[in-house]
Amino acid sequence: MTDASINASTATAHADEASFGDYFALLKPRVMSLVVFTALVGLLAAPVPVHPFVGFCAILFIAIGGGASGALNMWWDADIDKVMKRTKGRPIPSGKVEEGEAMAIGLALSGLSVIMLGLATNWFAGAFLGFTIFFYVVVYTMWLKRSTPQNIVIGGAAGAFPPVIGWVAATGSMAVEPWLMFALTFMWTPPHFWALALFMRSDYDDAGVPMLTVTHGRRATRVHILVYTALLAILAVGTAFSGIGGPIYLTVALVMNALFLRGAWRISRRTEDDSEFDNFKVERSFFKLSLLYLFLHFGAILVEALLKPHVLGGWS
Amino acid sequence: MSLRKSHELHQRRFSRNLGVGLTLAAFIVIVFGLTIVKVSGTDFSMATQEIQN
């Protein structure tokens, strides 16, 4: 064996070695961006001013807590991630990171984020972050995801907690307004994910995850999307008349909910043949719209909050 | 196998080591910054006044 062949075999053996980016990917950066944004809105919409550096640290540790739960989710779900096309490239199924490493990183970052958020802001916020991680990892990932078709509905709660944590980090207490933000994300999650499940159709079947499309059929899923979207519209428009709403938010809510309801109505009227014919064009555009929907609603809450000191935000 | 001063392992894991190093440095900055903010806050000055009184 020559030096060249030894070097070549060494290079091949280490080709799938994890880089720093692979470890970062365990934290689900895309989900983290949603967590950062909604938690920031919760923090800034609170009626208590926060020192900018403390606010930055609060958002950072909420994001790390969200990332830690993502890593623990990837550790537990490594078997299904291997089967699903959407998740095959994740660090564990691709063989770059070992399951044990993901668990260790997830646990370490969970502890770190809870303690640091508690120290930076208050222990109520720290405990709330700890509960959110527990809810996402134990209640959703380990228990409900594989046992009920309502997995997305209940699991959506975990993704909806960040604005509440942001609010609690600022105020140290609870109020109705952060729960309205929670409800907005909570009600938005099912239509968002069910639209994805409609066009990523074989993925959940192959993995044996009891997604609504698998257990109750695709027609029932289409109807569910419409019902949840209608309930969401009532909630989203109603929030305009609360302490975090105002004319700007109301305008955004009216336009976005009209568009979202139109999309859900079109999905409910379509047959599988219609969807197959245009490669799920309507379902895909509804999914894309859902991302913009949440961003604009929280963006409008943020604008109202930022304008309040200048007597321009809210209804006053 | 002994590690040379610049072993192939060092090159291969450079990005990972750099990432860990920068993360730890950022953590130190954050803890230091938080300490400064907390110590300069009103709670601390009030507590100091109480001790002085």
Side-chain angles (χ1 to χ4, degrees), chain A residues 3-4 6-27 29 48-64 67-68 91 96-98 101 104-105 108-109 111-113 115-123 125-126 169-170 172, chain B:
Chain A
D3 278 0
I6 290 170
N7 285 342
S9 63
T10 312
T12 316
H14 299 299
D16 55 358
E17 190 172 271
S19 66
F20 188 74
D22 292 314
Y23 289 105
F24 184 68
L26 280 178
L27 310 183
V48 180
V50 181
H51 189 286
F53 191 75
V54 174
F56 165 77
C57 290
I59 300 301
L60 178 71
F61 293 121
I62 295 170
I64 293 174
K96 295 200 166 175
V97 176
E98 285 180 24
E101 283 182 297
I105 289 171
L109 290 182
L112 178 93
S113 59
I115 291 169
M116 288 306 295
L117 183 66
L119 288 171
T121 59
N122 57 73
W123 290 106
Chain B
M1 184 182 68
S2 63
L3 288 181
R4 293 187 308 276
K5 197 173 180 185
S6 178
H7 192 266
E8 167 266 340
L9 185 76
H10 293 123
Q11 289 168 351
R12 185 155 39 89
R13 295 205 173 153
F14 178 74
S15 82
R16 202 198 288 192
N17 293 339
L18 183 71
V20 172
L22 289 175
T23 307
L24 289 174
F27 184 66
I28 292 166
V29 170
I30 282 166
V31 172
F32 181 70
L34 267 178
T35 309
I36 297 295
V37 170
K38 293 279 174 188
V39 164
S40 335
T42 47
D43 294 350
F44 183 77
S45 17
M46 280 167 67
T48 316
Q49 278 172 2
E50 275 171 25
I51 290 166
Q52 284 169 349
N53 292 336

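Quick note on labels: first sequence line is chain A, next is B, and so on, each numbered from 1. For the numbers below, each heavy atom of this structure counts, side chains included, while hydrogens, waters and symmetry mates do not. Just so we're clear, the structure is a prediction, and the values are computed from it rather than from any experiment.
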Bottom line for B/F14: the part with an atom under 4.5 Å from chain A's heavy atoms is neither

Side-chain touch A/F61/B/I30, heavy atoms, less than 4.5 angstrom: yes

Heavy atoms of B/V20 and A/F20 approach each other most closely as N-CE1, 3.7 Å

* To do: For the residue pair A/D22 and B/R16, establish whether any side-chain heavy-atom pair is separated by less than 4.5 Å.
  => no

Between B/V29 and A/F53, the two heavy atoms sitting closest are O-CZ, 4.4 Å

Applying a strict 4.5 Å limit to non-hydrogen atoms, the region of A/L60 in contact with chain B is side chain

Applying a strict 4.5 Å limit to non-hydrogen atoms, the region of A/Y23 in contact with chain B is side chain

Nearest heavy-atom contact between A/T121 and B/K38 is O-NZ, 4.2 Å

